[in-house]
Amino acid sequence: MSQPHNRYALRILHWVENVGLIVILLATLVASFQELQVMVVARKVTLTDLLLLFLYLEIFTMLGLYYKQGKLPVRYPIYIAIVALARYVILGMKEMDEWRLLGVAAAILMLTLAVLALRYGHTRFPYREDGADGE
């Protein structure tokens, strides 16, 4: 009896998910064009501008992977977080005290270790193609 209910709920969730992804795509497109416009008006490209464009590119890549594979590797948001933290350090290095800088560096290190652990786990214990967990 709950099967038609489940299918209906899954369709709604799939629709909401797609709308959310389209909103993220459009917002990222707008933000990247705004950043390009700022660089053109300033007639200058800085490292922070490039890192911001790289963040936008990572978001586009993440969305593309999701649409191709139907799932999102958890590593990509971590990569985005690492680049965002690096950009934060570059932007605020002059105003940042030692403890904040150490905290951000520790966060980058933890995220890097998380990516390494995920990659190791994925190569050492690969997922089964049918989606079963093997138990």
Side-chain angles (χ1 to χ4, degrees):
M1 282 251 176
S2 65
Q3 289 296 63
H5 228 249
N6 287 344
R7 272 188 267 134
Y8 182 68
L10 285 174
R11 274 194 222 146
I12 290 173
L13 286 174
H14 184 68
W15 183 83
V16 168
E17 186 177 47
N18 280 325
V19 168
L21 290 171
I22 289 169
V23 167
I24 292 169
L25 173 66
L26 293 175
T28 307
L29 276 171
V30 168
S32 61
F33 282 123
Q34 287 174 340
E35 181 61 26
L36 287 171
Q37 185 180 20
V38 166
M39 290 187 307
V40 168
V41 168
R43 296 176 53 146
K44 181 179 175 184
V45 178
T46 64
L47 181 59
T48 57
D49 295 328
L50 293 174
L51 286 173
L52 188 56
L53 289 175
F54 184 71
L55 284 171
Y56 296 144
L57 183 62
E58 286 292 323
I59 292 170
F60 290 133
T61 301
M62 191 171 59
L63 291 170
L65 277 174
Y66 184 82
Y67 275 114
K68 283 180 195 170
Q69 298 176 356
K71 56 187 174 185
L72 179 65
V74 76
R75 293 185 329 265
Y76 281 88
I78 297 174
Y79 294 149
I80 291 170
I82 291 170
V83 173
L85 287 170
R87 184 176 184 275
Y88 174 71
V89 168
I90 291 169
L91 278 175
M93 188 179 298
K94 292 178 183 167
E95 297 85 29
M96 214 179 284
D97 65 354
E98 303 85 26
W99 289 108
R100 183 175 299 262
L101 184 59
L102 281 173
V104 174
I108 292 172
L109 178 63
M110 286 190 293
L111 290 168
T112 303
L113 293 174
V115 169
L116 287 172
L118 287 167
R119 291 296 295 154
Y120 175 77
H122 183 70
T123 56
R124 181 84 167 117
F125 309 106
Y127 300 117
R128 290 179 42 180
E129 289 299 316
D130 60 3
D133 60 4
E135 291 182 8

Item to check | Joint hydrophobic cluster, L50 plus L57, side-chain heavy atoms closer than 4.5 Å | outcome: no

Checklist entry - Sequence neighbours excluded, which residues qualify as ring-ring contact (aromatic ring centres under 6.0 Å, His included) partners of Y56? => result none

Checklist outcome for this item: The reported gap from CZ in F54 to CG in L47 (rounded to nearest 0.5 angstrom) is 12.0 Å

Checklist entry - Same cluster for V74 and L63 if Ile/Leu/Val/Met/Phe/Trp/Tyr side chains link at under 4.5 Å? => result yes

Checklist entry - Quick check: are there more than 12 heavy atoms from other residues, nucleotides or ligands sitting under 6.0 Å from CD of E95? => result yes

Item to check | Joint hydrophobic cluster, M110 plus I78, side-chain heavy atoms closer than 4.5 Å | outcome: no

Distance-only check: which donor-acceptor pairs under 3.5 Å involve side-chain atoms of residues 32-44, not counting sequence neighbours?
residue: S32; atom: OG; partner: T28; partner atom: O; Å: 3.1
residue: S32; atom: OG; partner: L29; partner atom: O; Å: 2.9

Taking distance alone, no hydrogens or angles, what donor-acceptor pairs closer than 3.5 Å link side-chain atoms of residues 80-93 to residues at least two apart or in another chain?
residue: R87; atom: NE; partner: T48; partner atom: O; Å: 3.2
residue: Y88; atom: OH; partner: R100; partner atom: NH1; Å: 3.2

Checklist outcome for this item: By ring-ring contact (aromatic ring centres under 6.0 Å, His included), Y79 pairs with (sequence neighbours left out) Y76

Next on the checklist: Using 0.5 Å steps for rounding, measure from the CG atom of L109 to the CG atom of L102.
Outcome noted: 11.5 Å

Checklist entry - Listed by chain and number, what are the side chain to side chain donor-acceptor pair (under 3.5 Å) partners of E17, not counting sequence neighbours? => result Y66

Checklist entry - Are any non-hydrogen side-chain atoms of L55 and L52 less than 4.5 angstrom apart? => result yes

Item to check | Hydrophobic cluster identity match, I22 and V19, side-chain contacts under 4.5 Å | outcome: no

Next on the checklist: With a 4.5 Å cut-off on side-chain heavy atoms, are L10 and H14 touching?
Outcome noted: no

Item to check | Test item: D49 side-chain N/O and T46 main-chain N/O as donor-acceptor pair under 3.5 Å | outcome: yes

Next on the checklist: According to a hydrophobic-cluster definition based on side-chain heavy atoms being under 4.5 Å apart (Ile, Leu, Val, Met, Phe, Trp, Tyr only), do L26 and F60 belong together?
Outcome noted: yes

Checklist entry - What pairs with T61 under side chain to side chain donor-acceptor pair (under 3.5 Å), at least two apart in sequence or on another chain? => result none

